[in-house]
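These values consider heavy atoms only, across backbone and side chains, with no hydrogens, waters or symmetry-generated copies. In what follows, every chain begins at residue 1, and chains take the letters A, B, ... in the order their sequences are listed.
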Amino acid sequence: MKLFFIVFLNGLTLASLYFITACGFTLIFGLMRTVNMAHGVLLLLGAYIGYEVVEMTGFWVLGIIAGGLSCALVGAFLQAFILGRYQGDELRQTLITIAISIILADFLLWAWGGLTYQISLPEMLQGGIRLPLLNVGYSVVRLTLIGMAIVVGVLLWLLIAKTKLGIIIRAGVDDREMLQALGFEIKKIFIIVFAMGAALAGMAGVIFGSALSISPGTDIQFLLSSLVVVIVGGMGSVGGAALGALLIGLAEQYGLAYAPTYGVVFTFLIMVTVLAFRPQGILGRAEQ
Amino acid sequence: MPLTDGSASNQRVALNLKGVTRRFGSFVAVDNLNMTIKTGERRAILGSNGAGKTTLFNLITGDFPLSEGSIEIEGVESSTLPTHKRIQAGLRRTYQHALLFDSLSVRDTLLLAVVGIHNKWPLFYPLKKNSKYHEKAEALAKVAGLSSKMDVLVGALSHGQKRQLEIGIALSGDPKIVLFDEPAAGLSPAERPVLTELLLSLPKKLSVILIEHDMDIALETSNIVSVMHNGKHLLEGEPEEVVHSDIVREIYVGKRQ
Amino acid sequence: MMPDQLLKIDKLNVYHGSSHTLQDIDINISNRPKAILGRNGMGKTTLCSALMGLTKAASGSVFLDQTDISSYSPESRAKTGIGYVPQGRRIFRSLTVIEHLKLVEKKDSRWSIEKIFSIFPRLAERRKNMGDRLSGGEQQMLAISRALMLDPKIMIMDEPTEGLAPTIVDDVVELLHSLAEHEIGLLLVEQNISVALEVASDILIMLNGRIVDQVTAEELKSNTQMQQKYLGINFA
Amino acid sequence: MSRTLLLIVVILIILPAFISDFWLNQILTRSIILGIAALSLTFLTTYLGVVSFAQITLAGVAGYTIAYFSPNTTGLGIELPWLFAVALALLFSTLAGAFVGAIAKKSVGIYSIMITLAISMAFFYFTRQNYSIFNGWTGFSGITAPVAFGVSLEDSLVFYYATLLSATAAGYLVVKFTSSPLGLAVQGVKDAARRVRAIGIPTTPVIIAAYAFSGFIAGMSGVLNVWQQERISSFSVGLGPTIDLLIIAVIGGMRHPLGAFIGAITYVLIDTFVIDLFSRDRFNMIIGLVLLFIVMAAPQGILGSFLSAQKRIRKYDNNAIKRKIKNDCEI
Amino acid sequence: LSQPILAADKIKIGVISILEGAFASLGQDGVRGAELAFKEAGGKVAGMDVEIIVMSSDASPDSAVNAARKLIDHDNVDIIIGPLSGSEGIALRDLSKGNKGVTFVNGSSAAQDATFREGSDNFFRFGGDGAQWMAGVGTYAFEELGYKKVAVVAEDYSFPYTQVLGFMSEYCAAGGRVPKKFWTPIGTKDYSSVVYSIPDDVDAIFVALGGADAVNFLTQYDQAGGDKPIIGGTITIDQSILDSKGPFKKLLIGAPAGTPTVSDYEGKEWKEFTASYLSNFPEGMTSPTIFAHHYYMAGKAVLLGLEQVDGDLSNQHKALRASLNNLEFVTPTGGTMRLDENRNGIIDNFVTEVYEREDGSLGNRVLKLVSNVNQTMGQDPTAFRAIGAVSRENPSCP
Ligand SMILES: Nc1ncnc2c1ncn2[C@@H]1O[C@H](COP(=O)(O)OP(=O)(O)OP(=O)(O)O)[C@@H](O)[C@H]1O
Ligand SMILES: Nc1ncnc2c1ncn2[C@@H]1O[C@H](COP(=O)(O)OP(=O)(O)OP(=O)(O)O)[C@@H](O)[C@H]1O
Ligand SMILES: [Mg+2]
Ligand SMILES: [Mg+2]
């Protein structure tokens, strides 16, 4: 029984991490309909840069900012010069981002090698504390993740639902031409959105690299988990992504604890089941 | 000029709507609506924008499920039948927003419409060049005024041409009840008399429900008029009578007519 | 005062593949509202969309208020002062009514959300509805409002009364009349002849991608032969 | 187009006389096999409007069936006469296709990518974790192509012709299918599913039929693939091959069956030789750049760019039509 | 016709290693090892030039086979060195059966079955399998360290199965018990639920995880307040992990493990080998990894074999094969490498311990040398064979 609760907590903290890593993806994917297959590699890039900055300066927060900023730049570049002109051509964008992720991943391998990296946490987040009721040690940083996820989620939701930028973005997804005909410079707006999504990815990468670790191949895992989370939850819905993350996080941890052999299979079967009955995801809006 | 005498009470019933209701969240788009369409009847439905007319059509065809009430088509309880079964039972419709196959040619679209109606299950093998289906498709194109556009992709048709194609599809096979959702919208003045002609020339045994904001067409082609307002069936009656009633003047017709 | 030449179209040509959809279009629009009439598929929508920059013109130029906007992007054209009400409405399906209006709300515009709501009370009632959950007529009102809120110098309206109930057509006609009071130019594509004749002072006739004639509304009203020739109709 | 097609087929028939075994086996035959799999994807994408990531899974179902029911060195499975094994393989892949269709029937566009991706990942992890049927991580090896009607398919030339014949059959089937009323209905579902129902055709069976058909085509490729590779494992149905297939389909072009094969040969050439031509440590970067270049430079895929230019001229040759309109309008 | 065709004045050797994805840096080190052997020989053997053609696989058997086919059919190589990982090894062994004109020398792939069952007479392994690499550890853990019960955390595929077999066959025989085994899918990021499921009453944890998986598990175990000692699988304490960046490393200090490759080995031969490696590959690791070590031995065996037969590859490499079967040479760790009747290496294995070097980096040092480890780990071959093929359940001693 104790294990059951611990696993629940594990699922919750993992879900927070998944949510944080999926946020940039929801933003780009949910709002611009760009299937950004380079999301994982952007996370990885942010994490490596964050690592360097933390090693250099010793400030963790600075690492997060640096990871975010560098990815924002890369993202803006990609959208402005490569992806932008194919807006609306989903399949081609998918392919282009796959190509970009192959190139970038190889670049990262070149620059940082194939070793595993962990980013040092600030003193106060290191190590574990004893949980009062369950009487087990628990990692501080994992507990903090829950808080971070909530903050990120609320900010993102406000951005999408409440700001004018949010309205513009949603309109742009529905009918780009019409939005142009209303005087909006859609290209610029999409560059900003992509940069924001990439920045979120970069920052999430630093957090991920601190809580767990990063190495080549992590990018694919990021990408898959983000895809699953966003799709199960419903594209463009922040609440949905949170719900999706929770479902997948819990499934994964319970799977690992109680049925390790087929645990991963279950994760994907959950996704299949959700989508078979709600193709638009749990909280997504139907296409027609 | 009424086509049949709407008052004859011993006529067969083509469509019977009882307590039909549809809610979207808390909003009631169609509200406890009762209506009986007799075989051969030509009914126009008038009503302001958002009155619930298109929603009513969507309920009849099964595009949307009912919230409450029942629908009988040709005496058969059809409230829960899937759309294609209702179509196979003789129901047809046009969509207000042309809903067409942009990547098929006009010919293929009409072929599909013809084949779809004639077979329970679309054929797996290709059709012969001059099959009976091709003839029927040609005939439909002629009715819709699209004979010259047979090999054009539907996506490249102009707005009005798409509306014409909608009508062609709705007349495929051997329809018993046809629902026209604003067929004249987007048609040029030159096309409108043609449409009127077409509506008037439909077989007598066919039942028609017509949503139309072009009053000339609506009044000329119908023998009974229903008025919808805020989802309710406000009143029905002889065309002239209804149009000149004060309430209809106020909520629908306005002063310019 | 409105300039004499608000919109000037000079030898505009548009192709779809190899078909020559618009052929040497010349139009001048001043303070007198103009309407284009023509049968289905003659190129009216193509013209509107080319003016907006959404369809590429092969040759020809467009001036708005003396500025050559031929090379402008759609967004620059909108900013320069064209309000566009497209055929088929093109409402954003995932925005609510109020979000549509907020999207284009401007501080110093003559058109506020309140003003729009007073013109179309139906929109106020449905303010929280998503774009794709509006009736056809409601969408049409919203499309007009959306363009108006940009405070344009000229409105290009592609069949704005399509699908509207007669009472609401009355409202729209009134609104179109008032455009002139606000010194807003108007290029109107209409299939509803009576609306066109009532609103526009000049009528352009389009046939197979050409402007084949220009007459005053008065002339066309009285000349049944002309009606027969260009529109294929008889006014009873 | 048909004359070009004939020319291509003739060239392909006489080509083995001029090339080495390696080119025959590892480049041509492999490309054609991949091309058949890609064809099952381009079919779904072009006509049903869904991007299916499950095609490798469907091919895998056929492949595993062959492995399980043929002699192999894994010590798992039951030996059946090869014709039975092939029939079972195609049956299973068709059924699996129908099953995927039944699950994904409501999903279009991006959503279809995701649900099929989820299905394929579930299958991948299942094969990796299960040892009793799929022999887990390692899979089956030592499978050999059978002796069919007196000739050994192990002979690379024979196998090449068998592959070529299968590809031609697959292409023919796709063309026939798409021009049949069912095929038109499939395209109708892509454009407006609601309208398909409103002309009296139920959409679910149409969607399932399209997926099942694609399963059959993918199954053909799956069978040939096991015979060529002489092995199959969880890696054969993983994310890598799945994405490769998408790359093949897109760079080749989706509009015409031939595109899948052009994409496949392009991909195989890049995959095989880039490491020789460029620095071996950075060859992935080169592959990425080449892919990026093709996708950006040829919007409709390599074949598509060529075809669409042709098609546009043919389809939209409105001059004749316009003359007619003129006649209709002139009073 | 039976004349040896010596006209070719060039020997072509293909090297297959993993140069993409998560294993890329390990694979690159493997290639370095092979290249080192040829560089040391001056790029010539038996008076002929050696041409090396490198192909990449992606850890999948399919890609290894494709790479090998390209090397054989297109590049016409005579010898293939590789591959890196277990399942790839089995795939190439199968491929070798149909390509008798090519000699396959295994790289670092360590699946038991590649040679133990269904071996192929032109597939050689100058090195051990994953079980051999654990020789000595089970006994050491039970007898020297006094661990009576150990839990196992290992990745869920063939190589870790083999490692666990190697550890358990000794450990259980000595009297130790393994009450619980956790097989986690490769690439698992979050082990926290495994961490909390480890029974409280075990004395230590045997961890057979590689790369990032090891790093993640150890970090999370520490954060959860775990304090059981660790016993490492071969790749868990590989230099590539010890060189990884991050705070998890302190957990490994003092962990015993089994490996044929010890980065800080004090032996003379190893020092020479390391010096040669470092001078030839300044961009390489701080010392050769197990992959460089094994690809090097493969390269060396090939060169020695060719030299012995004077480059005679006639008659499907008959002479070369015979010479390889009887080859003996001194390995970089100072032992003598020779093959058993299954063409599998009889090796020297080390029980090691992770320690902190003076500069703060981590290394391995030798606790014990176990010589002459054969594939049945010194047990009676028939009895060993009777254990059956390794799997999640086999062996078992709860
Ligand atoms: N899916 C939906 N969700 C919520 N509300 C809807 C939905 N569909 C329609 N409505 C609302 O129901 C009402 C009736 O819509 P309907 O389309 O039936 O009107 P209509 O009578 O056809 O109007 P028009 O003449 O303008 O086409 C409208 O106010 C519309 O906003
Ligand atoms: N994308 C396109 N590709 C090819 N041809 C097109 C395309 N769009 C329009 N056309 C053709 O151009 C001609 C003009 O179309 P347009 O939409 O401008 O007509 P319209 O006058 O607005 O007609 P309607 O009154 O029916 O709206 C039509 O014959 C149409 O088939
Ligand atoms: Mg309506
Ligand atoms: Mg138009």
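With a 4.5 Å cut-off on side-chain heavy atoms, D:F22 and E:R69 do not count as touching. Between E:P61 and D:F235 there is a side-chain heavy-atom pair separated by less than 4.5 Å.
Counting heavy-atom pairs closer than 4.5 Å to chain E, the top residue among D:E230, D:R128, D:R30 is D:R30. By number of non-hydrogen pairs under 4.5 angstrom with chain D, the leading residue of E:S158, E:A91, E:G86, E:A67 is E:A91. Interface check for chain E: of the options D:S20, D:S233, D:G139, the most heavy-atom pairs under 4.5 Å are formed by D:S233.
Taking every heavy atom of both residues into account, E:V65 and D:R231 meet most closely at CG2-CD, 3.7 Å. For the residue pair E:E20 and D:N284, the shortest heavy atom distance occurs at CB-ND2, 3.2 Å.
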Practice prompt. Please assess E:S391 against D:Y131 for the test side chain to side chain contact (heavy atoms under 4.5 Å, CB included), listing each intermediate value before the final yes or no.
Written response: CA-CA 9 Å; E:S391 69; D:Y131 279 86; over 6 Å; no
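Heavy atoms from other residues, nucleotides or ligands lying under 6.0 Å from CZ of D:F273 number more than 12.
Ring planes of D:W137 and E:Y157: parallel class, angle under 30° (limits at 30 and 60°).
For a residue to count as touching a neighbouring chain, one of its non-hydrogen atoms must lie under 4.5 Å from one of that chain's; by this rule E:Y161 touches chain D with the side chain only. Contact of E:N66 with chain D is made through backbone and side chain together, with heavy-atom distances under 4.5 Å. Using a 4.5 Å cut-off between heavy atoms, D:Y125 does not touch chain E at all.
Of the N and O atoms on the side chains of E:D62 and D:Q229, not one donor lies less than 3.5 Å from an acceptor on the other residue.
To the nearest 0.5 Å, atoms NE2 (E:H74) and CG (D:N25) are separated by 13.0 Å.
Heavy-atom proximity under 4.5 angstrom to chain D picks out E:D94, E:E118 from residues 93-120 of chain E.
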